[in-house]
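Notes for the one structure printed next.
None of the values given here were measured: they were computed from a predicted structure. A, B, ... follow the sequence lines: proteins, then strands. Residue 1 opens every chain.
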Amino acid sequence: MAMSPRLLRPRAPSGFNPKTISGLGMWLDATDTSSLTFNGNTVSQWRDLSGNGRHFDQATAAQQPNAVTNTLNGKRTLTFAAGGMESATGKDIARNVGGITMFAVMKKDTTANGILWFASRGGSNAAFRAGFQVTSATWQIGGRRLDADSFDGNSYSATGRLGPAVVSNVYDYASAKAFGYYNGALLVTEDPFHTAGNTSDTDSDYVGIGSGAAATNIFAGYIAECIVYRRSLSEAERKAVEAYLGRKWGITVS
Amino acid sequence: MRYFRSTPAVYASICSQLDAAYGYPNAETKTQRALPLADDLPTDAQGRVYLAVSADYCDYVLPSEMLPQLLASGAVEEMDEAAYLAVVPVVGP
């Protein structure tokens with residue numbers, strides 16, 4: 001009898017830390033109380049645990065996400081309903097890199113348009129370098145490698161895929177490919193994804209989570225954890241992070 | 001979400017009242033203001049500012065006390081999402 005694929009699946013060891021994989025660019029974890037600045041029940045700053053200082057802020061009370069306990073697997077998440085957060089110190093996240101690998105644990109309320117995470121250059125939302133959003137009821141991965149490039153991306157249906165889920169996107173600029181995974185399953189590939197090479201050696205104008213600039217395209221749902229590496233992770237590395245997130249948040253990933 | 005519009009002067013007055021009541025800006029909570037800056041809000045041809053705010057925020061003690069009078073006086077008008085979206089610029093990659 002063949003061994004079950006479940007037994008062959010890479011398993012993140014207990015105590016797995018995203019820092020053990022090189023290239024960690026930013027790490028937001030709603031369960032880490034020390035990383036949150038509270039304004040009553042809302043959060044004004046979500047600090048980056050990677051050590052790179054790419055913190056996210058929202059200085060307007062009415063647009064701050066709500067910290068809600070016992071949301072997913074008994075843990076706290078941040079609900080984005082009226083705005084998002086911007087990283088003024090994280091604008092280099094997608095600068096001169098051969099890849100970006102983004103992970104998030106999330107649940108979206110509906111298939112209405114909404115941005116989960118993005119880095120853009122050339123005018124607020126209008127020029128994703130790397131981003132992940134629902135648009136026209138599809139989860140869209142895409143961006144630009146060079147500042148002069150046009151947007152390129154691909155998408156998969158968001159119907160029935162609103163979470164809670166572990167979403168992973170690999171923007172492999174060096175190999176001119178991009179991939180989108182939902183609970184570990186590959187759902188979309190963009191090949192080619194621009195021409196091969198590094199991203200432009202320029203900072204992004206805007207790096208945001210939970211909405212676009214000026215509270216546009218609000219995510220409308222919760223985000224539990226978001227991890228971004230500044231390179232394309234290998235399949236084994238990606239599965240290790242997915243396994244860590246799946247175990248932590250009680251989500252089955254393949 | 002709930003959607004409102006008012007003149008810039010009324011909006012500025014509401015912001016001032018809320019900021020004073022909540023003690024903004026507050027360095028400890030890293031919160032500068034209660035409501036978005038007027039410059040960040042969409043406006044119409046008459047110069048009125050449009051605000052989208054969560055229903056939860058409207059239920060906070062102070063906004064819930066202020067809103068009925070503001071709406072009754074006509075200083076603030078509430079609208080549906082479609083009317084709001086007709087004014088908000090479409091953005092995207």
Does one side chain, of A:Asn52 or A:Ser50, offer a donor that lies under 3.5 Å from an acceptor on the other? yes
Side-chain donor-acceptor pair present, A:Arg129, A:Ser200, cut-off under 3.5 Å: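 Looking only at side-chain atoms, A:Ser200 and A:Arg129 do not form any donor-acceptor pair under 3.5 Å.
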Under 4.5 Å heavy-atom distance to chain A, tell me which part of B:Tyr22 shows up: side chain, backbone, both or neither.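 Interface part for B:Tyr22: neither.
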So which heavy atom on A:Ala119 is nearest to which on A:Ala94, and how close?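 Scanning both residues, the minimum pair turns out to be CB-CB, 4.3 Å.
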Given 3.5 Å as the limit, does a donor-acceptor pair link the side chain of [X] with the main chain of [Y], or not?
X: A:Glu86; Y: A:Ala88; value: no
X: A:Arg54; Y: A:Gly25; value: yes
X: A:Arg95; Y: A:Lys91; value: no
X: A:Arg144; Y: A:Asp149; value: yes

For chain B, which residues from residues 35-48 of chain A lie under 4.5 Å away (heavy-atom distances)? A:Thr37, A:Phe38, A:Asn39, A:Thr42, A:Ser44, A:Gln45, A:Arg47
Check the angle between the aromatic planes of A:Tyr173 and A:Tyr171 and answer parallel, tilted or perpendicular using the 30° and 60° thresholds.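 Rings of A:Tyr173 and A:Tyr171: parallel, under 30°.
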Closest-packed option against chain A by number of heavy-atom pairs under 4.5 Å, given B:Asp40, B:Leu35, B:Val53, B:Leu18: B:Leu35
When only pairs under 4.5 Å are counted, which of B:Ser54, B:Pro63, B:Pro36 shares the most heavy-atom pairs with chain A?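 Looking at each option in turn, the highest pair count goes to B:Pro36.
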Verdict with reasoning, A:Asn154 to A:Thr189, per side-chain contact (heavy atoms from CB on, under 4.5 Å): CA-CA 7 Å; A:Asn154 209 333; A:Thr189 299; over 6 Å; no
B:Tyr84 and B:Tyr3 aromatic centres sub-6.0 Å: yes
Ring centroid separation A:Phe179 to A:Phe193 under 6.0 Å: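 No: the rings miss the under 6.0 Å criterion.
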At a heavy-atom distance under 4.5 Å, which candidate from A:Thr60, A:Asn66, A:Thr135 has the highest pair count against chain B?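 Top count of heavy-atom pairs under 4.5 Å with chain B: A:Thr60.
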Could you please spell out the steps behind the side-chain contact (heavy atoms from CB on, under 4.5 Å) verdict for A:Val188 and A:Tyr182? CA-CA 9 Å; A:Val188 69; A:Tyr182 185 90; over 6 Å; no
Which residues from residues 24-34 of chain B are near chain A, with near meaning under 4.5 Å between non-hydrogen atoms? B:Tyr24, B:Glu28, B:Thr29, B:Lys30, B:Thr31, B:Gln32, B:Arg33, B:Ala34
Contacting region of A:Asn113 [heavy-atom separation from chain B under 4.5 Å]: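 No part of A:Asn113 comes within 4.5 Å of chain B.
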